[in-house]
Structures are given as structure tokens and as C-alpha cells.
There are 2 protein chains.
Amino acid sequence: MKWSVERRLEFLEFRLFWEGGVNRADLIEMFGVSVPQASKDLTLYQEKAPGNAFYDKSARRYVAGAGFRPVFLDPDPDAWLLRLRSAAEGFADAGANWLAAPPEADIALTPRRKVDTAALRGILAALREGASLEILYQSMSPARPDPVWRRISPHAFGYDGFRWHVRAWCHETGKFKDFLLPRVLDIGGRGAAGASGEQDRLWHDHFDIVITPHPKLSAGQQAVVARDYGMVDGRAALTTRYAMLFYVLKRLGLLEDARSRDPRTQHIVAESDAAVAAALRRANFEFDEAGQTGGGS
Amino acid sequence: MKWSVERRLEFLEFRLFWEGGVNRADLIEMFGVSVPQASKDLTLYQEKAPGNAFYDKSARRYVAGAGFRPVFLDPDPDAWLLRLRSAAEGFADAGANWLAAPPEADIALTPRRKVDTAALRGILAALREGASLEILYQSMSPARPDPVWRRISPHAFGYDGFRWHVRAWCHETGKFKDFLLPRVLDIGGRGAAGASGEQDRLWHDHFDIVITPHPKLSAGQQAVVARDYGMVDGRAALTTRYAMLFYVLKRLGLLEDARSRDPRTQHIVAESDAAVAAALRRANFEFDEAGQTGGGS
DNA sequence: GTCCGTATGTATAAAAACTATATGGGACCT
DNA sequence: AGGTCCCATATAGTTTTTATACATACGGAC
């Protein structure tokens with residue numbers, strides 16, 4: 001079956017499953033096909049997925065049957081929610097995400113400076129070719145209030161839930177560090193790599209954060225939290241790269257003293273604060289020019 | 001131009017722009033077209049976007065020219081990063097996001113219980129049709145340790161950065177509240193709506209959170225933070241629905257006393273804590289059965 | 001009830017897209 | 001020099017898609 005036909009059938013199934021129904025007109029609008037072709041696609045879909053689509057004469061469109069069994073689509077709720085998220089964040093021309101009439105949705109966004117297109121392209125090119133690259137970087141270090149040129153050898157990307165950074169060998173300080181993409185203002189010349197990504201121990205080594213429900217919650221509430229986090233016997237382990245540990249702890253609210261915080265907003269605590277503190281020391285997080293960076297090796 | 005051809009040209013452009021080059025083989029693998037068709041597409045692309053693609057005989061593939069000007073694609077770095085994010089989160093069969101060889105990437109994830117497919121479908125159907133719905137909901141209220149059936153009239157979705165909730169009229173308490181999707185365990189019968197979304201004042205009214213750099217940062221650091229958040233004269237306003245205020249403040253770290261926290265991790269503070277506190281009271285956030293919910297009207 | 005607008009479905013011929021197959025050329029490696 | 005891998009192009013045949021036309025069904029306005 002042709003790629004374009006398969007995409008149309010997938011679209012049909014998506015609309016049937018999530019949006020309650022589908023029309024010839026939907027196909028025509030989304031793919032620019034002719035009326036007879038849209039009819040053929042609908043007929044073809046019914047052949048390939050019998051029992052899924054029924055024509056509701058009164059509503060004048062096809063609706064999903066009771067025993068709907070997806071054939072072309074992965075019926076993952078998170079996939080649908082991802083489409084809703086990109087719609088709510090204004091990505092893509094509405095419609096490209098296949099949502100017919102997206103429900104009202106809002107996202108707790110925090111506005112951040114845009115990533116520079118040329119900067120990202122340059123970093124990607126250097127990363128692909130295993131080269132180093134000069135960047136004009138705006139650090140947070142009080143010692144360097146203005147952007148300065150520095151050479152890095154990028155090898156990976158990280159996302160803390162708000163912003164992307166690039167994980168790279170810093171030629172100046174001789175460490176692996178995180179550089180926030182929005183703070184890369186310009187790029188300069190390519191050069192030889194300083195160190196390869198395999199040498200970044202903090203990136204490749206992992207630590208298990210063991211979490212439990214906040215002890216100040218009632219037994220019933222603790223049970224709910226345990227289910228939320230998929231805990232077994234009231235414990236769950238989150239395996240994290242040392243290079244990402246700081247960000248994960250921050251997201252989980254475990255960076256500062258979690259036990260003393262209001263359990264109604266802070267649902268979990270670390271089983272052993274000492275183990276977490278030791279792991280953070282191993283990650284050697286300093287608060288320096290990259291905002292938060294992990295130096296090592 | 002046909003939809004399928006346009007997608008192929010868009011793909012060509014994407015690979016040229018972000019991934020450094022493209023091949024006939026890439027086209028064949030991604031879309032299942034024949035060898036001559038892939039050649040045609042490449043020729044067609046060069047006609048439509050002259051000067052963008054050049055054949056590198058030594059590398060045996062097309063590479064982007066120096067003065068690349070996208071024709072079929074929005075060259076948005078965030079769009080590329082979104083693809084990387086969905087790849088790193090394991091969405092979609094690798095390749096469906098058009099990344100050739102995704103760089104190593106990690107995301108500070110927090111594992112959460114999956115959303116139930118039938119529950120989301122049921123809520124969507126009720127929302128579309130303006131109906132109410134019975135849900136089996138696991139609340140955090142100590143008074144209700146076990147899941148209970150309750151009737152809601154959903155009208156919108158919200159995302160706090162971790163989890164999705166549905167904003168709905170609660171028939172039981174006569175308030176608009178947030179219900180976390182992962183805690184909806186089952187759905188029951190449809191019914192008449194309780195209140196329409198237009199009556200949800202906390203959803204439709206907005207508040208401006210005015211933020212400034214953390215005063216304990218040095219002047220240079222404050223300038224960097226100001227640029228990060230797009231501040232003018234050291235101030236920026238974030239317009240937020242009252243119904244989302246709690247989540248936004250939590251994400252920004254402004255829920256608890258921000259001024260007393262380490263400015264190296266907490267970069268911003270609210271200009272007026274009193275104004276924020278008043279807005280939170282207006283939002284009438286209570287910590288009850290939905291975890292955090294806003295009741296009102 | 002009748003008319004109208006808007007759906008759907010299908011039949012036909014014509015156009016367009018695509019495939020299979022074959023041929024030729026250039027660059028690189030052994 | 002030969003093999004390999006990639007590109008481009010030509011031809012004929014197949015498949016997909018379009019354009020056009022016509023028949024049917026439902027719901028609401030008159």
C-alpha cells in the first residue's frame with residue numbers, strides 16, 4: 001500500500017477514534033484529494049478494518065463502532081495529548097496535528113528567549129562531525145557579565161523541562177558542562193574535538209533516586225501517591241544520569257528540604273537525603289557560568 | 001502540487017537544513033518510493049528551491065548551500081527540538097519524526113501513571129457534546145481514600161508541565177475543578193450538563209504575574225535573567241488564567257517564598273508578593289480532592 | 001407534504017503519478 | 001583496472017487519482 005494512502009487511512013482512524021467521527025470533507029480538506037477518492041478511501045478503510053466505521057445517516061458522517069479495534073494507529077492517549085500540547089503551544093499550522101476542533105487547553109508556560117537557528121544548526125553540525133566549535137556564550141558568571149567566545153565539543157542534548165542545553169566539553173576549563181541553547185548568541189569556527197562523549201562519565205553513569213510518599217500525608221493519600229508514581233512497597237527508583245540529576249531533583253522538588261515542605265504540594269521525598277546529597281556531590285554540581293553545570297572527569 | 005509530493009519535498013528540505021544532507025536512499029526508506037521517483041523529487045526540489053541543494057560528489061549526497069532559504073519548511077528551532085523531545089520520550093517509531101540520526105538526548109522525566117484510553121475518549125466525547133459524565137475518580141482527599149463515582153461536566157484541558165487535567169464542573173460540590181487524567185480510573189453514563197464552560201470565571205479571567213530578576217543576583221546576572229525572560233526595564237508580565245495560576249507559580253518557583261531561596265537556582269521573584277497572594281486567594285485554591293483545585297463562581 | 005441544501009456512493013473516461021527495468025556516468029576504494 | 005556506490009534519465013506499463021455526471025438519503029424550511 002502506498003505511503004500516502006496509508007497516511008489517509010491512519011488519519012481516518014485517528015478521527016474516528018479520538019474525534020468521534022469523520023467525513024469525506026475532512027479527507028478532502030486535509031489531503032486535497034478529490035471527492036471520489038475520498039469515497040474510495042472510506043470504502044477501503046472499511047475493508048481493511050471491518051466493524052470500525054459506521055455511517056450515521058442522521059449525523060451525516062462516519063462514527064466509530066462499539067468494538068473499535070485500531071489497525072493503522074497506536075491508540076496511545078499520550079500521543080493524542082502530545083498533539084494537543086503542540087496545538088496549545090502554537091506549533092504547526094492548526095490542522096497539521098489532525099485535531100478537528102481542539103478543545104480549549106492551556107499550558108503552564110514560562111516564556112523563554114528563543115533559540116537562535118544558526119546556533120542550533122552549527123552545534124548540530126559540530127556534533128555530527130565530532131568537531132569542536134566556537135560559541136559566543138552569555139554566562140551567568142559574575143566574572144563574565146558580557147558574552148564571551150569559547151570553544152566547545154558538543155556530544156549530547158538535555159532538557160530540564162523548560163529549556164534545552166547542549167552537553168559539551170569545554171576547552172577553556174577542561175570539563176564537560178551544560179550550555180543553555182538560548183544563551184548561545186553566535187557561532188564561530190569549527191576545529192578539532194577536545195574530548196569525545198564517551199569520556200563524559202557523568203553523562204554515562206546513572207544513579208537511582210529512591211523516592212517514597214511524603215511521610216506527613218495520611219495513609220490513604222500515601223497510597224494514592226504510591227500509585228501515581230508506580231511505587232512497589234511504597235518505594236520507587238528513578239534511574240537518572242548524574243549529568244541530569246540536578247534537573248530531575250529540581251523538577252521533583254527534592255533539591256531543597258522536601259520533608260519540611262507542605263505535603264499538599266510536595267507529594268514525595270527521597271528515601272535517603274544523604275544518598276541524594278552524596279550523588280549530587282559526585283555529580284559535582286557547581287553553580288557557575290552555565291547556570292548549573294556538572295563538571296567532572 | 002499533490003500532498004504526498006509536498007511532504008516529500010518538505011522532508012528533503014528538513015534533512016538538508018537540519019541534518020546536513022539528504023540522499024535518494026533516505027527518500028526511498030521514508031516514503032517507500034522507487035529509485036527514479038526519488039531522483040525526480042530531488043530534481044523537482046532543485047527547481048522549486050534553486051540554490052538550496054548541491055550534490056557533494058565526494059560525500060555522495062546532497063548538502064545545503066550557504067545561502068539556504070527554506071521554501072517548504074518553517075525553520076523554527078523549537079520545531080526541531082520538539083521532534084527531538086518526542087524521539088527522546090520514545091514517541092512514534094523512530095524515523096517518523098524525520099530525524100536521521102538523533103543525537104543523544106535526555107529529558108528530566110518524572111514517571112507518571114498512564115492515562116486510561118477509554119477514560120480520555122469518554123471525557124472527550126462528553127466535552128464535544130456538551131454533556132456531563134460519571135467518572136470513577138481517585139481523589140487525594142483523606143475523607144475519600146478509595147475511588148468514588150462522581151459526575152462532571154468537562155469543558156477544557158490543562159497541563160502543568162507534568163500531567164494533564166480536565167477542567168470541569170463538579171456536580172457534587174457545585175464548583176469548577178481540575179481532575180487529573182491519570183486518576184480517572186473508569187467512566188460511566190452520560191447525562192445533562194451541569195454548567196457551561198463560559199460560566200467558569202477562573203478559567204476565562206486572567207492575571208498578570210509581574211516578575212523581576214532575583215534581587216540578590218549581581219547587576220550583570222540580573223541583566224542576563226532579564227534577557228532570558230524578555231524583560232523590559234527589568235520587569236515582565238506573564239498573563240495567566242486564574243485557573244492555571246497555581247501551576248504557573250509552582251513552575252516558576254514563586255509559590256513559596258522566592259526571595260529567601262538561593263538565587264543561583266531561583267532566578268526570578270514576583271515584583272509584588274502581595275499581589276500574587278491576593279490573586280491566589282481570588283483563584284480560591286484549596287488543596288482538596290483533586291490535589292490542587294480551584295473552586296469558584 | 002414538498003423543495004432545497006448537503007451529505008453519501010458509484011460509474012466512466014482521461015490525466016497524472018509512480019514503478020520496473022535498463023542504460024550511462026562520475027567518484028572513490030582496493 | 002575493476003568493483004562499488006551513488007546519481008540521472010528514458011521507456012513502457014501499471015496504478016492512482018481526477019473530472020464529470022448521476023442517483024440516493026436525511027433534515028429543516030416553507
Side-chain angles (χ1 to χ4, degrees), chain A residues 1-16 19-65 71-72 95 100-101 128-129, chain B residues 1-16 19-65 68 72 100-101 128-130:
Chain A
M1 195 182 323
K2 282 275 187 339
W3 179 83
S4 55
V5 180
E6 194 157 343
R7 298 315 299 274
R8 293 205 299 269
L9 296 192
E10 187 186 347
F11 168 79
L12 280 180
E13 189 156 77
F14 180 87
R15 282 285 175 92
L16 280 171
E19 309 284 324
V22 73
N23 247 358
R24 278 201 313 198
D26 295 327
L27 272 176
I28 292 166
E29 189 190 0
M30 181 68 65
F31 298 97
V33 296
S34 65
V35 168
Q37 186 58 41
S39 274
K40 274 192 204 169
D41 287 341
L42 278 160
T43 309
L44 179 61
Y45 180 75
Q46 286 167 295
E47 274 175 33
K48 297 278 182 183
N52 276 5
F54 293 97
Y55 188 60
D56 180 337
K57 289 178 180 173
S58 150
R60 284 173 172 162
R61 55 194 217 135
Y62 287 86
V63 295
V71 174
F72 296 93
R128 261 196 314 271
E129 296 163 24
Chain B
M1 197 185 318
K2 283 278 192 331
W3 179 84
S4 55
V5 179
E6 195 158 342
R7 296 316 299 271
R8 293 204 300 268
L9 296 192
E10 188 186 346
F11 169 79
L12 281 179
E13 190 156 77
F14 181 88
R15 283 285 175 93
L16 280 171
E19 309 284 325
V22 73
N23 248 357
R24 282 200 309 197
D26 296 327
L27 224 35
I28 291 166
E29 187 190 1
M30 181 67 64
F31 298 98
V33 296
S34 65
V35 170
Q37 186 57 41
S39 275
K40 273 192 209 170
D41 287 341
L42 277 159
T43 308
L44 178 61
Y45 179 75
Q46 286 167 296
E47 274 174 33
K48 297 279 182 182
N52 277 4
F54 293 98
Y55 188 60
D56 180 337
K57 289 178 179 173
S58 151
R60 282 173 174 162
R61 56 193 216 135
Y62 286 86
V63 295
F68 192 96
F72 297 92
R128 260 197 314 273
E129 296 163 23

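Chain identifiers are assigned alphabetically (A, B, ...) following the order of the sequence lines, protein sequences preceding nucleic acid strands; residue numbering begins at 1 within each chain.
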Any [X] side-chain N or O less than 4.0 Å from OP1/OP2 of [N]:
| X | N | answer |
| --- | --- | --- |
| B:Asn23 | D:dC6 | no |
| B:Arg24 | D:dC7 | yes |
| B:Ser4 | C:dA17 | no |
| A:Ser58 | D:dG27 | yes |
| A:Arg8 | D:dT17 | yes |

Kindly point out which of [options] is positioned nearest to the side chain of [X]?
| X | options | result |
| --- | --- | --- |
| A:Gln37 | D:dT17, D:dC5, C:dA7 | D:dT17 |
| B:Lys2 | D:dA25, C:dA16, D:dT9 | C:dA16 |
| B:Lys40 | D:dC6, C:dC18, C:dA17 | C:dC18 |

task: Would you mind telling me which residue lines up with the more 5' stretch of DNA chain D, A:Gly32 or A:Lys57, judged by nearest nucleotide?
output: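 So the residue in question is A:Gly32.
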task: Between A:Ala59 and A:Val5, just flag the one whose closest nucleotide in DNA chain D comes earlier from the 5' side.
output: A:Val5
What is the distance, to the nearest angstrom, from the [atom1] atom on [X] to the [atom2] atom on [N]?
| X | N | atom1 | atom2 | value |
| --- | --- | --- | --- | --- |
| A:Arg61 | D:dC26 | CZ | P | 18 Å |
| B:Ile28 | C:dA20 | CD1 | P | 11 Å |
| A:Met1 | C:dC18 | CE | P | 17 Å |
| A:Trp3 | C:dA17 | CH2 | P | 16 Å |
| B:Leu44 | C:dA17 | CG | C1' | 12 Å |
| B:Tyr55 | D:dC5 | OH | P | 13 Å |
| A:Phe54 | C:dT8 | CZ | P | 17 Å |
| A:Asp56 | C:dT8 | CG | C1' | 13 Å |

message: Under 4.0 Å, heavy atoms only, any strand: does B:Val33 hit a base, just the sugar-phosphate, or nothing?
response: sugar-phosphate
- request: Identify which one of B:Gln46, B:Arg24, B:Arg8 satisfies the side chain to side chain donor-acceptor pair (under 3.5 Å) criterion when paired with B:Asp41.
  value: B:Arg8
message: Once rounded to the nearest 0.5 Å, what's the spacing between atom CG of B:Leu12 and atom CD of B:Glu10?
response: 10.5 Å
Euclidean distance, B:Asn52 CG relative to B:Tyr45 OH, rounded to 0.5 Å: 4.0 Å
query: Would the number of heavy atoms belonging to other residues, nucleotides or ligands and lying under 6.0 Å from CD of A:Glu29 be above 12?
result: no
query: Want to settle it: does A:Pro36 or A:Arg60 sit nearer the 5' end of DNA chain C, counting the closest nucleotide to each?
result: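 Result: A:Arg60.
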task: Indicate the ring-plane relationship of B:Phe31 and A:Trp3, choosing parallel, tilted or perpendicular according to the 30° and 60° boundaries.
output: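 B:Phe31 and A:Trp3: perpendicular rings.
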